[in-house]
Amino acid sequence: MVNNINIIPKSFYQGDDVVKIAKQLIGKTLVTHLDGQLCKGKIVETEAYRGWGDKACHASEGKRTPRTETMYLAGGCAYVYLCYGIHHLFNVVTNVAGKADAVLIRAIEPIEGMDSMVARTNHQTKVSNGPGKLCKAMGIDMRLNKKELNSELLWIEDAKAVELKDLVISTRVGVGYAGEDALLPWRFYLKDNDWVSKL
DNA sequence: CGGCTGATTCGCT
DNA sequence: GCGAATCAGCCGC
């Protein structure tokens with residue numbers, strides 16, 4: 001686990017360009033080891049959120065609340081928050097400490113632990129084709145907020161980079177409140193992948 | 001404090 | 001296709 005050389009190094013997350021990191025995370029393997037259950041999934045959909053110059057970000061223009069404090073941590077940890085009071089959403093914090101950038105993981109393609117995901121979600125097949133659903137399937141909740149992505153509970157493994165022709169770029173989902181920033185092309189997903197949300 | 005809105009999903013009409 | 005579930009954050013009373 002923590003000794004797995006395939007785990008993405010912390011330096012990967014601390015780059016200054018959250019949009020680039022969001023693209024690079026497509027195809028990587030998200031792993032959780034919670035409640036004694038190992039679950040793996042290929043990241044097939046992400047969105048970038050930037051602390052400065054992006055009104056869609058919770059920490060837009062330096063806003064600080066108890067919830068957004070996580071995003072100001074150094075890149076390489078998890079930002080988990082509750083949406084609509086019901087669903088957990090999982091983000092990867094990027095950039096250096098003090099810069100509130102993050103990548104929302106919106107969908108994964110199950111690789112291992114499908115039985116656990118089915119049991120957690122009560123779905124037979126589409127257990128992780130959305131940001132709230134994948135958290136439920138992987139067992140992600142508030143206990144993982146601020147946790148490093150190289151812990152015993154949660155990490156991301158490197159994988160072959162996806163080909164550019166398979167990467168689709170679009171606007172982000174559900175951020176209409178952000179005005180012109182809602183038009184930023186900061187959502188990325190794998191072309192023709194059955195697990196991408198909102199098919 | 002009440003009311004509204006949201007990086008969503010599910011179930012019923 | 002619409003509304004409920006139900007919490008953090010914000011704004012007005």
Side-chain angles (χ1 to χ4, degrees), chain A residues 13 17-23 25-26 28 30 41 43-73 75 77-95 99-110 117-147 149 154 156 168-190 193-199:
Chain A
Y13 303 104
D17 188 345
V18 65
V19 176
K20 178 179 168 189
I21 295 172
K23 284 187 213 172
L25 280 172
I26 299 287
K28 307 288 191 231
L30 176 64
I43 297 171
V44 299
E45 180 179 355
T46 64
E47 284 178 4
Y49 287 84
R50 203 168 64 184
W52 191 82
D54 173 18
K55 287 191 275 296
C57 182
H58 291 157
S60 176
E61 314 309 314
K63 182 168 67 177
R64 284 185 180 262
T65 67
R67 185 174 69 162
T68 65
E69 278 308 308
T70 305
M71 297 180 81
Y72 290 90
L73 298 177
C77 65
Y79 168 42
V80 183
Y81 79 96
L82 202 54
C83 187
Y84 291 96
I86 300 180
H87 306 289
H88 295 285
L89 270 65
F90 170 68
N91 300 250
V92 173
V93 175
T94 71
N95 216 323
K99 300 278 192 66
D101 295 353
V103 176
L104 170 69
I105 308 301
R106 286 193 57 88
I108 61 171
E109 175 184 326
M117 299 192 210
V118 168
R120 283 177 176 136
T121 61
N122 294 319
H123 280 80
Q124 289 306 307
T125 52
K126 289 299 175 64
V127 295
S128 58
N129 59 332
K133 290 173 76 174
L134 82 86
C135 284
K136 191 171 182 186
M138 299 285 283
I140 295 171
D141 57 29
M142 292 310 293
R143 67 190 151 157
L144 294 179
N145 189 38
K146 301 187 180 184
K147 287 281 187 297
L149 295 176
L154 168 75
I156 299 178
V168 183
I169 303 174
S170 75
T171 54
R172 295 173 292 180
V173 177
V175 295
Y177 59 89
E180 61 187 5
D181 290 340
L183 301 175
L184 293 169
W186 287 359
R187 175 181 178 226
F188 308 98
Y189 60 92
L190 278 182
N193 186 286
D194 289 338
W195 297 89
V196 171
S197 68
K198 307 229 169 169
L199 289 177

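Please read these numbers as outputs of a predicted model, since none were measured by experiment. Throughout, a chain's letter reflects where its sequence line sits, starting with A, and its residues are numbered from 1.
- Two residues are said to be in side-chain contact when any heavy atoms from C-beta on lie closer than 4.5 Å; A/Lys55 and A/Glu180 meet this criterion.
- Atom NE2 of A/His87 and atom P of C/dT6 are 10 Å apart (whole Å).
- If you take NZ of A/Lys136 and P of C/dA5, they are 16 Å apart, rounded to a whole angstrom.
- Remark: P of B/dT8 and CZ of A/Arg187 are 10 Å apart, rounded to the nearest angstrom.
- Between A/Gly85 and A/Gly132, the residue whose closest nucleotide on DNA chain B is further toward the 5' end is A/Gly85.
- Of the candidate nucleotides C/dA5, C/dC10, B/dT9, C/dC10 has the atom lying nearest to any side-chain atom of A/Thr65.
- In this structure, the CG atom of A/Asn145 is 15 Å from the C1' atom of C/dC7, given to the nearest Å.
- Side-chain proximity of A/Arg67 to the nucleotides C/dC7, B/dT9, C/dA8 is greatest for C/dA8.
- When heavy atoms are screened at a 4.0 angstrom cut-off, A/Leu104 is found touching base atoms of the nucleic acid.
- With C/dC10, C/dA5, B/dT9 as the candidates, the nucleotide lying closest to the side chain of A/Lys63 is C/dC10.
- For A/Lys133, taking side-chain heavy atoms from C-beta onward, the closest of the listed nucleotides C/dC10, B/dT9, C/dG9 is B/dT9.
- Comparing C/dT6 with B/dC12, their P atoms sit 16 Å apart, to the nearest whole Å.
- You'll find that the side chain of A/Ile86 is closest to C/dT6, out of B/dT9, C/dG9, C/dT6.
- Rounded to a whole Å, the CG atom of A/Leu89 is 15 Å from the P atom of B/dG6.
- With distances taken from any side-chain atom of A/His123 to the nucleotides C/dC10, B/dC10, B/dT8, the minimum falls on B/dC10.
- Rounded to whole Å, atom C1' of B/dG6 lies 11 Å from atom OH of A/Tyr49.
- In this structure, A/Ser197 contributes its side chain and A/Ala107 its backbone to no donor-acceptor pair below 3.5 Å.
- Within the shown strands, nothing qualifies as a pairing partner of C/dT6 under the Watson-Crick or G-U definition with both distances less than 3.5 Å.
- Under the 6.0 Å distance and 45° angle rule, A/Arg64 counts as a cation-pi partner of A/Tyr72.
- Here B/dG6 presents its P atom at 12 Å from OH of A/Tyr81, a figure rounded to the nearest Å.
- Of the options A/Val93, A/Leu25, A/Asn91, a side-chain contact (heavy atoms from CB on, under 4.5 Å) to A/Val103 is made by A/Leu25 and by none of the others.
- If you take CG of A/Leu134 and P of B/dC10, they are 12 Å apart, rounded to a whole angstrom.
- Screening A/Ile169, A/Val173, A/Val175 against A/Arg187 for a side-chain contact (heavy atoms from CB on, under 4.5 Å) leaves a single residue, A/Val173.
- Straight-line distance between the P atoms of C/dC13 and B/dT5: roughly 16 Å, to the nearest whole Å.
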